[in-house]
Amino acid sequence: MLEYICGEVSELTPTLAVIDCQGIGYGLNISLTTYGALAVGQKARLYVYEAIREDAYVLYGFIDRRERELFLLLISVSGVGPNTARMILSSLSPAELEQTISAEKVNDLKAVKGIGGKTAERIIVDLKDKIKKGSDTLLISHTSQQQEVQDEAIAALVMLGFSQVASQKAVQKAVKDNPTQKVETLIKAALKML
């Protein structure tokens, strides 16, 4: 079992990070929280979850153990697979997710693409007692020009399964509310509108 992969970030998109570890490039599926904490060329340590199936071997990477623990809790819930868990962690930061579950905010979970009322309730029922209220928050830093931020946000939403037109409309609406948003904040705001 892989615990973590440490190396230089050689490629980075909002949904995938490639970590160069002694000449081998590991492609890890990531959330927007992890994406916001990484930059191409920097050294990084990503904690790993391996999804081994008959037809695929997929790695998921997390910026810290806390995010991975939440991911593991989410996929333990019936009806929540790795991609749905990643979508939840892209829409809500670990701290927001813990707060949402602790406060039983079903509507906040239902706002995530692919999460219906029954699944949202099941997540809360199954995980409420397992979630510890954490006070530490992840600092997300990312700088780029506003147009690049908008283009990147639209590309990320398209990669997550939304149409180009719907993604553009949601991003434009989110930019009107706050024109100086970082890309991950912009994507989260747009996700709530889709």
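Bear in mind that the values here come from a model prediction, so they are computed numbers and not experimental data.
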Salt bridge check, K105 against E96: does any charged N sit closer than 4.0 Å to a carboxylate O? no
State whether R65 and E3 are salt-bridged, where the test is any N-O pair (Lys NZ or Arg NE/NH1/NH2 against Asp/Glu carboxylate O) under 4.0 Å. yes
With heavy-atom distances below 4.5 Å as the criterion, would you say the side chains of [X] and [Y] are in contact?
X: I124; Y: L127; value: no
X: E121; Y: E104; value: no
X: T33; Y: K188; value: yes
X: S91; Y: K192; value: no
X: V175; Y: Q150; value: yes
X: L12; Y: V18; value: no
X: L28; Y: L16; value: no
X: L191; Y: V112; value: no

Please give me the minimum heavy-atom distance between [X] and [Y], naming the atom from each residue.
X: V106; Y: G117; result: CG1-O, 4.4 Å
X: V40; Y: E11; result: CG2-C, 4.4 Å
X: G27; Y: L59; result: O-CB, 3.8 Å
X: A189; Y: A174; result: CB-CB, 3.9 Å
X: I187; Y: P14; result: CD1-CB, 4.5 Å
X: I63; Y: A37; result: CG1-CB, 3.7 Å

Output yes when a side-chain donor or acceptor of [X] lies under 3.5 Å from a complementary backbone atom of [Y], and no otherwise.
X: T119; Y: I115; result: no
X: S10; Y: I19; result: no
X: S76; Y: L73; result: yes
X: Q168; Y: I154; result: no
X: Q42; Y: A39; result: yes
X: R86; Y: T15; result: yes
X: K113; Y: I88; result: no

From [atom1] ([X]) to [atom2] ([Y]), nearest 0.5 Å:
X: K118; Y: S78; atom1: NZ; atom2: OG; value: 12.0 Å
X: S93; Y: Q99; atom1: OG; atom2: CD; value: 10.0 Å
X: S167; Y: M193; atom1: OG; atom2: CE; value: 12.0 Å
X: L160; Y: N83; atom1: CG; atom2: CG; value: 9.5 Å
X: Y47; Y: C6; atom1: OH; atom2: SG; value: 9.0 Å
X: R45; Y: Y4; atom1: CZ; atom2: OH; value: 4.0 Å

Pair T34, L46 - check side-chain contact (heavy atoms from CB on, under 4.5 Å), show working. CA-CA 9 Å; T34 296; L46 291 182; 3.7 Å; yes
Please lay out, stage by stage, how R53 and D55 fare under the test salt bridge (Lys or Arg N to Asp or Glu O under 4.0 Å). CA-CA 5 Å; R53 299 189 313 254; D55 60 340; 3.4 Å; yes
Looking only at the aromatic ring of each residue, does the gap between the centers of F71 and F62 stay below 6.0 angstrom? yes
Going through the distances and angles, do I123 and I101 end up as a side-chain contact (heavy atoms from CB on, under 4.5 Å)? CA-CA 8 Å; I123 289 170; I101 293 170; 4.1 Å; yes
Describe, in one word, how the ring planes of Y49 and Y60 are oriented to each other, choosing from parallel (under 30°), tilted (30 to 60°) and perpendicular (over 60°). tilted
One pair to check against side-chain contact (heavy atoms from CB on, under 4.5 Å): L74 and L89. What are the steps and the verdict? CA-CA 10 Å; L74 286 167; L89 288 167; 4.2 Å; yes
Using distance alone, with no hydrogens and no angle criterion, decide if Y57 and E50 have a side-chain donor and acceptor under 3.5 Å apart. yes
Around K169, counting heavy atoms of other residues, nucleotides and ligands shown, do more than 12 lie under 6.0 Å from its NZ? no
